[in-house]
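These numbers come from a predicted model, not from an experiment. Numbering of residues begins at 1 and proceeds along the displayed sequence.
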Amino acid sequence: MKFFAGPEYSLKYEEQGVRCVSAKNAVNKKKTKFTRDSVVVGLMLAPAVIFLCVCSIYPFIWIFRYICYDYNGFTANYTGMRNFTRMLGDKTFWNSVGHTFEYAGYKLIFIIPLALVVAVLLNNRMKGTSIFRGVYFMPTIISTSISGMIFTFIFATQNGVLNAMLTKLHLIDSPVKWLTSQGVVMAAVTIMAIWGGFGNYMLYFINGMNGISEDVYESAKIDGANGFQTFFKITLPMLSPVLKVILMLAITGAFKDYEAILVLTKGGPGNRSMVMFLYIYNLIFGSSSASSQPQIGYGALLSVVAAIIVGIVTVIYMRISRKLDDVV
């Protein structure tokens, strides 16, 4: 038995065929567009990817290549686990790790509250605040070597600016050996670090406070809140996201600091201000003494260990920071 479709069935079949062809053409155009877009995106990302591979990934792989070698830049001798054994018994390195935690703790205790207080004072839009912002931010753009030389004159035992001021104020009877005494050298290094870094965090806090609506402050003023209540009940809680980022930057930055210490004290006296990245720098590039040879293989191993230490500290902070909103 044969069935013959009427005109309405033929028309319906033709409409379905047209739709199938249109859908197929749309898919082909989408594939062509996707391919063209992918090429454009790939070309735009290529310089950044190449730069990342050359300047970040390859050096990281290169470090792992030499951790089991005695490499001085010219010859590489395989030593097996000798570098690991040496690391476990290297008291200077582990003391530098402790000095790094001490230095980071002192720096964070003072630099974050100071930057926050200055940011609150300069955010009141009084006359001259722009000038003070520039003055406080200027140390962050000064070369580390120059700032180290400046503080070398400030902390000088004889004819130093700081000792002269303290003597005139009758706070000390004899000059303090800021850079040559193991008891106060860490304080001198911390003062220099605070001077050179708090302006940067100050701007972060100011930008965060600029994102808080003025209506919130006006409502608090109408309710009779004073300055301290406004700061602790409104400003600080609403700065919590910015504060998390600033603390993370400050922690990682403090653990990686060594340039200013290198210029100011070179890790002395008696390795009292020797931090771990300065110790690694001396190993890889050689110390100031002519007899010291670069120890790139051992320095590469310590670099990996230092990176792991910083990573662990960062992970611990990230876990703790999840509860920061409830605390602040």
Side-chain angles (χ1 to χ4, degrees), residues 45 48 51-52 56 100-126 128-142 190 193-260 277 306-328:
L45 291 176
F51 187 81
L52 177 65
S56 181
T100 303
F101 276 90
E102 180 184 0
Y103 166 77
Y106 289 152
K107 182 178 178 180
L108 293 174
I109 288 174
F110 292 101
I111 195 170
I112 297 299
L114 179 62
L116 180 58
V117 171
V118 174
V120 172
L121 294 176
L122 295 181
N123 197 48
N124 293 327
R125 294 181 176 83
M126 297 182 297
T129 54
S130 299
I131 298 175
F132 283 104
R133 290 182 186 181
V135 171
Y136 291 138
F137 183 74
M138 189 176 296
T140 62
I141 61 177
I142 296 178
T190 305
I194 294 172
W195 176 83
F198 94 96
N200 194 23
Y201 303 126
M202 175 199 69
L203 287 185
Y204 290 151
F205 281 122
I206 291 176
N207 291 331
M209 286 185 286
N210 289 336
I212 302 175
S213 177
E214 292 292 338
D215 297 337
V216 180
Y217 291 109
E218 292 179 1
S219 300
K221 188 180 295 184
I222 292 173
D223 292 337
N226 55 32
F228 288 97
Q229 291 174 337
T230 302
F231 175 75
F232 286 103
K233 298 296 183 180
I234 295 177
T235 303
L236 197 58
M238 297 190 74
L239 278 178
S240 178
V242 179
L243 183 60
K244 289 180 181 180
V245 177
I246 294 175
L247 281 174
M248 185 180 68
L249 294 175
I251 290 172
T252 55
F255 274 89
K256 294 187 296 182
D257 279 350
Y258 75 92
E259 296 94 343
F277 280 102
I308 293 174
I309 293 173
V310 176
I312 292 174
V313 173
T314 304
V315 170
I316 293 174
Y317 167 73
M318 293 299 294
R319 290 182 177 272
I320 296 176
S321 65
R322 296 176 182 176
K323 303 179 181 180
L324 189 61
D325 292 332
D326 299 332
V327 175
V328 176

First locate atom [atom1] of [X], then atom [atom2] of [Y], and finally report the distance between them rounded to the nearest 0.5 Å.
| X | Y | atom1 | atom2 | result |
| --- | --- | --- | --- | --- |
| Thr140 | Met202 | OG1 | CE | 8.5 Å |
| Leu114 | Tyr201 | CG | OH | 12.5 Å |
| Thr190 | Leu108 | OG1 | CG | 10.5 Å |
| Lys107 | Asp257 | NZ | CG | 3.5 Å |
| Ile316 | Ser321 | CD1 | OG | 12.0 Å |
| Ile194 | Phe110 | CD1 | CZ | 6.0 Å |

Please examine the side chains of [Y] and [X], heavy atoms only from C-beta on, and report whether any two atoms are closer than 4.5 Å.
| X | Y | result |
| --- | --- | --- |
| Thr100 | Ile309 | no |
| Ile111 | Tyr106 | no |
| Phe231 | Val117 | no |
| Val313 | Thr252 | no |
| Gln229 | Ile234 | no |
| Leu243 | Phe205 | yes |

Give me the atom names and distance for the closest heavy-atom approach of [X] to [Y].
| X | Y | answer |
| --- | --- | --- |
| Pro139 | Val135 | CD-O, 3.4 Å |
| Val242 | Gly208 | CG2-CA, 4.0 Å |
| Val120 | Met209 | N-CE, 3.7 Å |
| Tyr103 | Ala193 | OH-CB, 3.1 Å |
| Arg133 | Leu122 | NH2-O, 3.3 Å |
| Ala306 | Phe277 | CB-CZ, 3.8 Å |

> Between the side chain of Asn210 and the main-chain N/O of Ile206, is any donor-acceptor distance below 3.5 Å?
Replying inline: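 Between the backbone of Ile206 and the side chain of Asn210 there is a qualifying donor-acceptor contact (under 3.5 Å).
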> Counting distance only, does the side-chain N/O of Tyr317 pair as donor-acceptor with the main-chain N or O of Lys244 below 3.5 Å?
Replying inline: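 Flag set: sc Tyr317 to bb Lys244 pair under 3.5 Å.
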> Do Phe255 and Phe101 have ring centroids that are under 6.0 Å from one another?
Replying inline: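 Close enough - the centres of the two rings lie under 6.0 Å apart.
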>> side chain to side chain contact (heavy atoms under 4.5 Å, CB included) for Thr314 and Ile251? Distances and angles first, verdict last.
In response: CA-CA 8 Å; Thr314 304; Ile251 290 172; 5.5 Å; no
> Step by step, would you call Leu239 with Tyr204 a side chain to side chain contact (heavy atoms under 4.5 Å, CB included)?
Replying inline: CA-CA 10 Å; Leu239 278 178; Tyr204 290 151; over 6 Å; no
> Can you tell me if CZ on Phe137 sees more than 12 non-hydrogen neighbours from other groups inside 6.0 Å?
Replying inline: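 Yes, the 6.0 Å shell around CZ holds more than 12 heavy atoms from other groups.
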> Got more than 12 heavy atoms from elsewhere within 6.0 Å of CD1, Ile131?
Replying inline: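 Not more than 12 within 6.0 Å, no.
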